[in-house]
Structure formats: C-alpha cells, structure tokens
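Some notes on the structure that comes next.
As the structure is a prediction and not an experimental result, all values here were calculated from the model. Note on naming: letters A, B, ... go to the chains in the order of the sequence lines (proteins, then strands), and numbering restarts at 1 for each one.
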Amino acid sequence: DALARYMWMNGYNVLHPMGWDSFGLPAENAAIQNNTPPREWTLGNIAKMKAQMKRLGFAYDWSREVTTCLPDYYHWNQWFFLKFYEKGLAYRKKSKVNWCPQCATVLANEQVLPNGCCWRHEDTLVEQRELEQWFLRITKYADELLRDLEKLDGWPEKVRTMQRNWIGRSEGALVDFKLDYAEDRSGFGPAGGTISVFTTRIDTIFGATSVQLAPQHPIVADLAASNPDLRAKVDQLIVEQRKAKEGGDIGEIEKHGVSTGRYAINPFNGEKIPVWVANYILMDYGTGAIMSVPAHDDRDYEFAKKYNLEIRLVVLPISNDPEETVTEPRLPFIAHEGMLINSGRFSGLECADAIKKMSAYAEEKGFGKPTVTYRLKDWGISRQRYWGTPIPMLYCEKDGIVPVPEKDLPVILPANVDITLAGGSPLGRVPEFVNVTCPKCGGPARRETDTMDTFVDSSWYFYRYTDAHNDHAPFDSKTVEYWFPIDQYIGGVEHAILHLIYSRFWTKFMRDLGLVTDDEPVERLFTQGMVIKDGAKMSKSLGNVVSPDEMVARYGADAARLYSLFAAPPDRDLDWQDSGIEGIQRFLGRVYRFVTRNAASAARAQAESPSATPLSPQARQIQRKLHQTIKRVSDDFQGRWHFNTCISAIMELVNALYAYEESAMAESQSTGSSSAALLAEVQHDLVLLLAPFAPYLAHELWEMLGEKGNLLKAAWPKYDAALAKEEELEIPVQINGKLRSRVTVPAGASESFVLERALADEKVRSSIAGKQIVKKIFVPGKLVNIVVK
RNA sequence: GCCGGGAUGGCGAAAUUGGCAGACGCAGCGGACUUAAAAUCCGCAGGUCCGAAAGGACUGUGGGGGUUCGAUUCCCCCUCCCGGCACCA
C-alpha cells in the first residue's frame, strides 16, 4: 500500500486491487465446524476482513473487487474449463490419486508434503486411491514453463530454482527389455512381456547387470499373481517405502530387494539379466523401472554389493595425462567424463557422444528412443468436496461425456447442501443438481459432482481485476493489454511453486487462446517474509495472532502500518514485538506535536513573501537534512524497498527538528521570515514523506497546514542535490588503518589540503612521531589513511 | 547429499560501490517537569581494562585462514540456524 501510494504521488496510474480467494477446503471445514453454510460463513468473513483492511487505510480500488466463490467469477472458471476441454487439455482419467482421509478428497501432487502427508493435515498420511479424475495437461507446457524461467529476471533466483526443480526435466532414453519368456506369454497378465526402462546413462547399458522394478510396477503384479511368496515380499517392500516416505527420508531408505526369479534381455547385447523388485525404485518417476549399472551408479553399486550382483566396468575415466590410463577407477565411477569399454561397437566412444549414438541406435532398431521425462505431472483438479467451482460436465448414457454448453454457464453451486465428509462428493446427494437432460440427445444425463481445486480460482484472478464486472467474457483483452503484464506482484514464498506455476501455465494457455499477448503474467515478483511472534510463524492455527482490530484499537492504524514496515525489511521475516509498536506510536506523537505547534507560523510564513535574508547555519542544516531525507526515502522506494531505513531517516529528520527548535529557543533567536518559510517547507515535505506510510496522520496534518484535496494527488517532494550537499565534512584520519582522529574540512577539499590538515592534527602527530611515513591514502570525501613504519 | 537465505550490542536492526561498525527504534540507566505518577522533554549507553574525572588503551560483526593501506562487505576452509529439493534412475 505504501508503494502504491508513492507511485500515485509520482503521477502513475496504479491498479491496486484486492479480492477474495474464497473457495476451498479450509473455508468449507471452518464452516462445518461453525455449523454455518459455507457461503454465509465466507461472505461474513469477507465483510469482516474488508472492514479491517479499510480501517488499516489500504487504498484499494474496491470497484475492482473480485470474489472467487461468487458465480460472476466462477462462471469463467467453468468457461476456461470448457476451453481446456475443447483444446484437448482437459481430460478424464482413472488414476491413482492422492487421497486425504481427513479432507475426504483428492489432493494435487503439489498439495502433498514431502513426508507424504496432507498440506492441511500435517500428520495425516495421504493414501492412494483409484478414481476417475479430471486433469489439466500442464505437462504440455512443461518445456516452456522451464525455458521461460530464464526470462523472469525480475523474479528471485530462489523461486526460479524451486520451479526448475519442480518441473524436473531430465533428458534420457527409454529402452525396452523383453522378459525371457516374452515369446510364450501364456499365463501372464495385461502388462505383457516388456519392461520399459528410463535411463539418463544409456552409455552404460553394457554394464547393466539387473533390471529393478518399483514394487507397484504392473509387471510385478503379474509375476506375483501366481507366486504368493513373492507377493508377500513385495508387499513388505511397499510397506518399507511407505514408511520411509512417511518419515520424510525416502532418500535414506535402507535398500531392500527381492529377485523375481525371471530374466530380461538387454537389447544391446542379448544378455539375460535378472529382474528384481526394490524398495528404492519409485513408481511415480520415469517408468518405475530401471536398468541397474552397479559400476556407474552409487545406488546400484550399493544394491549390488548387498545382494552380490555382478559389477561390470564399462566406462574408464579420461585422464588429463594422455600417457596414463586408469584401468581400475574407484567404484562406482559416476562421472560423465569417460570413455566406453566392453561395449561392443560403441567401445571407444566418449560418454556424451555414446549417449547420442546409442539412443539413436535403439530408436533405429525399434527397442528404445531418446526421451525427456518430467517430475511435473498433469494437474488433477477434481475435488470431492462441496465448496468449489462445479465442473461443467455431464455424463449421458448415450453420448458419454458431454460439456455443458457455454450458454448454460454458470453452473450454479446449489445452496442448502448437506455437507458431510462421508460418502463422496456432497453434490452427488442433490438430485436436482445431478439429474439433467443431455443437451445433445435430450435424454437423461448426470452432472459431474466434483468441484475444481481452488488453485484454479487463483490462476487467473489478476486478469479479472482489469475488468471485474464483465459478464460476457472473463475480461476484455484490450483492457488487459493496457495493464499487463503485472509490474509488481507481492506474495509469500509459500506460493513459489503451486500458485505461481499454475498462474504461468494458465497465462500461456490464455495466450494460445488469443485472449492475452503475454507469455508471462508477472514481470517482477517480490517474496515477503512471514510475521513471527514468540518464535513462531504468526498463524491462526497456532493462535499467536495479533488481530488487526486490536492493533488499530490500541495503537492506531498508522502505527500498525509503520511498525510492520519499520521492524524489518519486507523480504525478511518480521519479529512482532508489542513494545516496538509503542515506540512508533511515540514517534507519530512527536510528528503531530511538532507540526501542530508550528502550523500557525508556517501558514503565516507561506502567506508572506519570502524574504531574502540568508538562513542561519542551524536553519541551513535543517534544510540540508530535509533534502537528504527526501533523497533517501525516494531512493528506497525505487530500489530496495527497505522501508525500515526510510522510516529511520524520517525519524532522524524529526529528531533534528526538535533539536533545532530547542537551539532556536535557547539562543532566543527570533525566527526570521526566511527561517519561518523554511519551516513551512519542512512541514509540508515531512507530511508528504509520511503520507505513504501513515495516511491518516498525514491527511490530518495536511489539512492543519491549510492544504486541501487528496494527498494521493499531491506531488511527491523533489529533492535538490545542491541543498542536500554538505558544506563541511568530518574526515576520519587513520594511522595504519586504525582510526586516530578526525579533521573538519570544506566539502570538496583537495588532497593536499586535507592531508596537510591531517598531518597538523595533534593526535595524528603524536601517533606518528618517530615513525616513517610509507604511504598516504586519500579517499575524497571519505577518509585519510597514513601508513607508517 | 544438492540448491537458496542467514548468523552484527540485552532485543528488532543499520552500514546501498572495500573506507568512521552498531544509524533508527525497543528495553535499560540518569536528569528535567510533577505533591506524585503517567505522558512529555533532555542526556548516557558494544565489551574489557586504566583513570576521581576529562580522557585513554585494547578488543569486537558465528569460527579459522587469505587478499588489501584498510574487510560486516571480496576469496578459501569450517560450525550452526531457516527454507526448498532429494535413492528422480
């Protein structure tokens, strides 16, 4: 808000909106707990929070307010969903999904914590369930999402790295290993007789001495179907893997495996190698199957040592010294800088070259191909909960999946629904919602009863701010063109992956629809720190919250605003201390008292014509301080946003003004007309400098100074470099780098002048007495250092 | 293990390009005002040591080393804290 106010005062047209991301599980759960319908509960909270925001003096443009849980907004979620479906980017798939038993709904991968627990229930383990789900094909944009991170140089490196890791692009190859009984498939299930393996090191394939499958791999199920003993052992591996995920240290799982007793054929050399099942192979990465090359991978090495599998060297290090060849490198030898041996026709190639040639060869022969895998998965958006956007799809016995026609949007979320956690989607229990006629055949159809993930709501809301009341489109593209991309987005790091990757995806999709011209929605991103109180993040769940109402009641809105900016720079966490805000309150009192007791004389001085009398040295000093302060505050708004030091600077100015008043009184100087005019200027500029931070006080004082009109339209004070310049400087004098004295010289004094003064200084003379001057260092305006021996 | 960020008085912090470490504020101490208190105003204040005091000496930005006339700032090594990722094949 301070920044927006500053920009306004500098003549910019600022879009400074606020809205309510108000669908979702937390709201629904709270509503259930409070035995209130979610809509009522949510709108009630919005009203409360809006009042709090207004009380805090946020200059939001409420005419642009967006509320995602109201039909005029979620209408367009549904519209976008139809567009995704039209373009083949929304699809329905039966799949294993993350299921939180507490939320009683599916979670996106992004909503499962690294320890396998729910993001909302940090001690509830997420289960896997097979369900029909709607997915958005975010993976279509995986490469672009990754590539365009390079363009986002206004984003913190940290966020870009997190997104890069999340997308997790990995170049490699798929290679098919046929099971040795592939010719005779009798008795084997639908998975067939081929194991497709993903590897980034196809160059080491001649060193593969086993194939390792994830315990959940479909072929394992086939093999174990007729083998209860194997089934039991595999189940044990699954349990171990679950436990490790639960403990959050899958990386440190003790490797276990079991041989299936079967063999697979390495297509490169026709060799039969054993097929194992291992607890360290993850079904949700790559193909859930690997070729194990113990000599060139440390995990495979560890496993092979444990189970006594063959370790075969196929890459030798390339030595810097051509005379020397290392024939027995320390195992496992993982580096890519090597040369192939024991690899048939590929022996002698360097690794990088071999990777290209061997994957091309596999493709040519039809048993593999170069491929890229991603950690990023398609976005599952179905939620079996009530409080969300209804998915605008119908199921007709005759026509199958039928989208709701655009003209029938929005599909309104029915009110008065019995929400319980049991029995699947609550909407499924509302017959008048579920039972519809198929728009294609006129026969009976059922509505989709799942709702959309809330992250859908937040993926494009910022575009809606430009045109919040449009009822025939999500927004007008021309209007968007004027405002977008967003110059400055501000939010917590907790949005680094989820929200900010979905938003980027949505923007790229809207671009491909021709709705927007942006590749990226946000030009500059600023990640704020959190508010810490009593050593913990301030949060509703921990109960260490200072409510804004309480704050405003006790200290006033301005003090609360100023303190939250003063306590730490905004990119750092902020340690909330009640005693700190009291100090700010005192400061505001000092400002108020100063301006009020001088307001009358200032007004008078303004009315009179300024006299030509030169300013007293003290008054000149105040003038200088004022201009220095204007510079410091302005610079920070344009640069680092370290508002804590801006506020310090204003405090210093006020302290100087108090000292000036006192000295003027002590010397019983009658304030001449030029001094009075200066005072008037100082008061005006002081009020303007405070306006972005403390708008209430600033407006009050602004009127007291006889000014009229909105402070947001008042011009930000200009600083005058000539007036800000010091006339005299105190230059520190160091001897051998240690401070020994200071000399006062006119600003811009020459080297010889300053050195002469320094060497004439009493303390300096005694310090260097009897020593030899080796070197004299003069940094203009900064210091003098005399090196002696 | 990998990738970010961080460590400065009793506390929140500042030092923007290698140039006076601790601005500003909190808490503290002293003084003024007051019958008194609150509020307000003024002043002191990194640590250790010397000195009655004025003042002075040494030391000090997580630890160790280096570059430099000079390092909170640059380089190397290490410790701890916070966040993210992690048998990703």
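- Proximity note for A:V787 (side chain, C-beta onward) versus B:rA89, B:rC69, B:rG84: the nearest is B:rC69.
- Side-chain atoms of A:Q212 and A:S210 form a donor-acceptor pair, as typed in the model, at a separation below 3.5 Å.
- Nucleotide B:rU79 has B:rA7 as its partner under the Watson-Crick or G-U criteria, with both atom distances under 3.5 Å.
- In a base pair of the Watson-Crick type (N1 to N3 plus N6-O4 or O6-N4) or a G-U wobble (N1-O2 and O6-N3), with each distance short of 3.5 Å, B:rU17 is matched with no nucleotide.
- No donor-acceptor distance shorter than 3.5 angstrom exists from the side chain of A:S259 to the backbone of A:W276, with no hydrogens or angles considered.
- When the P atom is compared between B:rA14 and B:rU8, the two are found 11 Å apart, to the nearest whole Å.
- Taking the six-membered ring for Trp, A:F566 and A:F693 have ring centres at least 6.0 Å apart.
- Here the C1' atom of nucleotide B:rC88 and the CE atom of A:M283 are 14 Å apart, to the nearest Å.
- Closest contact between the side chain of A:S648 and the listed nucleotides B:rC85, B:rA89, B:rC24 involves B:rC24.
- The residues A:K725 and A:E727 are annotated as not salt-bridged, no charged nitrogen and carboxylate oxygen being separated by less than 4.0 angstrom.
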Pull out every protein N or O sitting under 3.5 Å from an N or O of nucleotides 57-61 of chain B, one pair per line with the distance.
| unit_1 | atom_1 | unit_2 | atom_2 | d |
| --- | --- | --- | --- | --- |
| B:rU59 | OP2 | A:K738 | NZ | 3.1 |

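- With both ends at atom P, the span from B:rG46 to B:rG22 equals 9 Å, rounded to whole Å.
- Atom CG of A:L313 sits about 4.5 Å away from atom NE2 of A:H296, to the nearest 0.5 Å.
- Note on A:I281: a base of the nucleic acid sits closer than 4.0 angstrom, heavy atoms only.
- The glycosidic torsion of B:rG22 lies more than 90° away from 0, which places this base in the anti conformation.
- Summarising the geometry, the separation between NZ on A:K158 and P on B:rC85 is reported as 10 Å, rounded to the nearest angstrom.
- Rounded to whole Å, the distance from CG on A:D573 to C1' on B:rA7 is 14 Å.
- How far CD of A:E363 is from OG1 of A:T371: 10.0 Å, rounded to the nearest 0.5 Å.
- Between B:rA32 and B:rC82, the two C1' atoms lie 47 Å apart (nearest whole Å).
- Close to B:rC69, at under 4.0 Å from its OP1 or OP2, lies a side-chain N or O of A:K775.
- When rounded to the nearest whole Å, the span between CH2 of A:W166 and P of B:rG83 equals 17 Å.
- The interatomic distance linking A:W576 (CH2) with B:rC26 (C1') rounds to 14 Å, in whole Å.
- Between A:P732 and A:T199, the residue anchored closer to the 5' end of RNA chain B is A:P732, taking for each the nucleotide with the nearest heavy atom.
- A:R640 pairs by the salt bridge (Lys or Arg N to Asp or Glu O under 4.0 Å) definition with A:D636, not counting sequence neighbours.
- Along RNA chain B, the nucleotide nearest A:A659 and the nucleotide nearest A:A214 are compared for position; the residue whose nucleotide lies closer to the 5' end is A:A659.
- Applying the Watson-Crick and G-U wobble criteria (two distances, each under 3.5 Å), B:rG51 pairs with nothing in any strand.
- The ring of A:W576 has its center closer than 6.0 angstrom to the ring center of A:Y563.
- Nucleotide B:rC33 is matched to nothing when pairs are restricted to Watson-Crick or G-U wobble geometry with both distances under 3.5 angstrom.
- Distances shorter than 4.0 Å separate some side-chain N or O of A:R299 from OP1 or OP2 on B:rC88.
- Heavy atoms of A:G168 sit nowhere under 4.0 angstrom from any nucleic acid atom.
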Counting primed atoms plus P, OP1 and OP2 as sugar-phosphate and everything else as base, spell out the protein contacts along nucleotides 14-19 of chain B at 4.0 Å heavy-atom distance: B, S or - for each nucleotide, 5' to 3'. SSS--B

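- In this model, the phosphate group of B:rG25 is approached by a side-chain N or O of A:N655 to a distance below 4.0 Å at OP1 or OP2.
- Between B:rG66 and B:rC81, the two C1' atoms lie 26 Å apart (nearest whole Å).
- Applying the side-chain hydrogen bond (donor to acceptor under 3.5 Å, both in side chains) test to every pair with at least one member in residues 580-590 of chain A, sequence neighbours left out, gives these pairs: A:R590-A:N655.
- For the pair A:L213/A:I219, a side-chain contact is recorded, criterion being any heavy-atom separation below 4.5 Å from C-beta on.
- On the P atoms, B:rG84 is 37 Å away from B:rG28, given to the nearest whole Å.
- A donor and an acceptor atom, one from each side chain of A:E271 and A:N266, are nowhere located under 3.5 Å apart.
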Between N or O atoms, less than 3.5 Å apart, protein on one side and nucleotides 37-40 of chain B on the other: list the pairs.
| unit_1 | atom_1 | unit_2 | atom_2 | d |
| --- | --- | --- | --- | --- |
| B:rU40 | O3' | A:R593 | NH2 | 3.3 |

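- B:rA89 atom P lies 18 Å from atom CZ of A:F303, rounded to whole Å.
- Taking atom P in both B:rA21 and B:rG62, the straight-line distance is 16 Å, to the nearest Å.
- Base pairing of B:rU68: no nucleotide in any strand meets the Watson-Crick or G-U wobble criterion (both distances under 3.5 Å).
- For A:N736 and B:rU68, the CG to P distance is 15 Å, given to the nearest whole Å.
- Annotation for A:Y592: atom OH does not count as buried by contact number, only 12 or fewer foreign heavy atoms lying within 6.0 Å.
- Base pairing analysis places B:rG22 opposite nothing; no Watson-Crick or G-U wobble pair with both distances below 3.5 Å involves it.
- Here, B:rU48 and B:rC11 have their P atoms 15 Å apart, quoted to the whole Å.
- The aromatic rings of A:Y280 and A:F303 sit tilted, their planes meeting at an angle between 30° and 60°.
- Scanning for salt bridge (Lys or Arg N to Asp or Glu O under 4.0 Å) contacts around A:D300 gives an empty result, with sequence neighbours left out.
- B:rA27 sits 10 Å from B:rU40 when the P atoms are compared, rounded to a whole Å.
- Whole-Å rounding puts the A:I647 CD1 to B:rA13 P distance at 14 Å.
- A cation-pi arrangement is absent between A:R632 and A:F637, since the terminal nitrogen or guanidinium carbon is not both under 6.0 Å from the aromatic centre and inside a 45° cone about the axis.
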